[in-house]
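In what follows, a single structure is set out as structure tokens and then discussed.
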Number of protein chains: 2
Amino acid sequence: MTSARPAPTRLRILIEASRLFAIRGYHGTSTRDIAGAVGIQQPSLYKHFATKHEILAALLDEDLGPALARIRAAVAADGQVAVRLHAFVVGDIAAVLSLPYDVRGLYNDDVLQLPELAAQARSRARLHAATADLVRLGVEAGEFVAEEPEFVQGAITGLLLEVVREQGPEPAADPRTPATRVADFVLRSVLADPRRMPEVRAASATLAARIERAG
Amino acid sequence: MTSARPAPTRLRILIEASRLFAIRGYHGTSTRDIAGAVGIQQPSLYKHFATKHEILAALLDEDLGPALARIRAAVAADGQVAVRLHAFVVGDIAAVLSLPYDVRGLYNDDVLQLPELAAQARSRARLHAATADLVRLGVEAGEFVAEEPEFVQGAITGLLLEVVREQGPEPAADPRTPATRVADFVLRSVLADPRRMPEVRAASATLAARIERAG
DNA sequence: CCCGAAGGCTATCGATTGATAGCCTTCGGG
DNA sequence: CCCGAAGGCTATCAATCGATAGCCTTCGGG
């Protein structure tokens, strides 16, 4: 084993902290709140995390790391850009919805501007830049309408946050349904030729299945 | 005059508080921070607002009141639903972008769940419900694809927040350009017949002009 | 059998929080 | 001319914040 499996307490801290951050915000949640939700005393938190913001950083890292890997794979892959973008959006949103954490409190400006989380803010900027790059490929190839890639990336981000917001704290039982709804919504709007939608959806589904088999 | 014009200090408190809430969040902003940005001492704030959350409530009220009036007018109006929805989205986003306040920190869950802001949370729920109603009209009339109205409403909300986030603290010099971009994005995705887009855009523009003349 | 690390606990710290008390100046209406 | 409201100010409060010190128990490897 390269790493010891994390103590269950550490995981419970992350889960409960993420829920409290979602409801009351990072600054509105005290370390005593978190400890109380976990069922331990406040100083015991510091046996697992050196500071409060380290809890937040761990949550962001667990979300951002895989997301960056997914978007990079989508940018580097070949095939139609519309299919790659659709499959990425479905996979990304499904992954976020499947996390045991409540990510609603993680991506607010007030939290990503903390100086201690500069590394996570940079990761998020890279994620956004790579997403915009993928959109730009589609625009340049003539697959998409001539829309600013950064605006489309922002739209994807906004839709993801909105879906997460609707869902609430529990991991989704069926994450691919809302995820596909978002991907369809985005591609209906960006596709230069809307008649391609059925074909794009089908190709995205088989691409997703191929990725899942590859693990 | 039915009401005395608000003292400039009160307005400056609202402006500076909104910017700080956007950057650090409501809970992350102290009353001393706000007072310092305004250039007064912390206890002087309480000559204008009885509590900290009253500042937040005033900001939300100034945004939600007009927004509710706009969506209700759009639901009650007659004409094609696509045109009404397009014009509402353009007008709503342009209005938010024209505010002297930075609204980025106002619509986070952590703030709307405060028990002291229950009234504002209800207003926002009504705004969302009315928006979904308008979308539902379009779906039932066959103008829109068969998408869940609540999802489309959420998408509009998410896109609005994303545009506001990109823009930053200053009121927009040209609010209608990004506003129209969002409205176009949404309607391209919802319109059952995408070929109607040019016609919808044109009718929306003349409708907006008529509303502006009416004041 | 023991010993040290892991992970709980209580007690406590200094800093910061939102809010109040009370004083002083400005200024417009009677 | 004055007087009271408006709106600043200083000083201060109790509560709460994140974090540290130090003690005790559990438990797995040698």
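Here is the naming used below: chain letters follow the sequence lines, and residue numbers restart at 1 for every chain. Below, each value reflects all heavy atoms present in this structure, side chains not excepted, and no hydrogens, waters or symmetry copies.
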>> In this structure, how many angstroms lie between the C1' atom of C/dT16 and the NZ atom of B/K52, rounded?
In response: 12 Å
> Got more than 12 heavy atoms from elsewhere within 6.0 Å of CZ, A/R201?
Replying inline: no
> Under 4.0 Å: is that the gap between some side-chain N or O of B/K47 and OP1 or OP2 of D/dA6?
Replying inline: no
> Could you state the CZ-P distance from B/F49 to C/dG18, rounded to the nearest angstrom?
Replying inline: 15 Å
>> For A/Q167, run the side-chain contact (heavy atoms from CB on, under 4.5 Å) check against A/L97, A/V103, A/V96, A/D102 and tell me which one passes.
In response: A/L97
> From the list D/dG7, C/dC9, C/dG18, which nucleotide is the closest neighbour of the side chain of B/H48?
Replying inline: D/dG7
>> Which nucleotide, if any, forms a Watson-Crick or G-U wobble pair with C/dG14, using both distances under 3.5 Å?
In response: D/dC17
>> Can you list everything that forms a salt bridge (Lys or Arg N to Asp or Glu O under 4.0 Å) with A/D63? Sequence neighbours excluded, please.
In response: none
>> Given C/dC9, D/dA19, D/dC9, identify the nucleotide with an atom nearest to the side chain of A/Y46.
In response: D/dA19
>> Just to be sure I understand the geometry, which residues of residues 28-41 of chain B put a non-hydrogen atom under 4.0 Å away from DNA chain C?
In response: B/T29, B/S30, B/T31, B/R32
>> Could you tell me the Watson-Crick or G-U partner of D/dG7, where both distances fall under 3.5 Å? Say none if there is no partner.
In response: C/dC24
>> In whole Å, I'd like the distance from the CD atom of B/Q42 to the C1' atom of C/dA21.
In response: 13 Å
> Should the ring pair B/Y26 and B/F21 be called parallel, tilted or perpendicular, given that the plane angle runs from 0 to 90° and is split at 30 and 60?
Replying inline: perpendicular
>> In this structure, how many angstroms lie between the P atom of C/dT17 and the CG atom of B/L45, rounded?
In response: 13 Å
>> Pairing check on C/dG29: which nucleotide meets the Watson-Crick or G-U wobble criteria with it, both distances under 3.5 Å?
In response: D/dC2
> What distance do A/Q113 atom CD and A/N108 atom CG have between them, rounded to the nearest 0.5 Å?
Replying inline: 11.0 Å
> In whole Å, what is the span from the CZ atom of B/R10 to the P atom of D/dA6?
Replying inline: 14 Å
> How long is the line joining NE2 of B/H27 and P of D/dT16, in whole Å?
Replying inline: 15 Å
> How many angstroms lie between atom CG of B/L161 and atom CG of A/L161, to the nearest 0.5 angstrom?
Replying inline: 9.0 Å
> Looking only at side chains, do B/D110 and A/H27 share a donor and an acceptor under 3.5 Å apart?
Replying inline: no
>> Can you measure B/E116 atom CD to C/dA19 atom C1' for me and round it to whole angstrom units?
In response: 14 Å
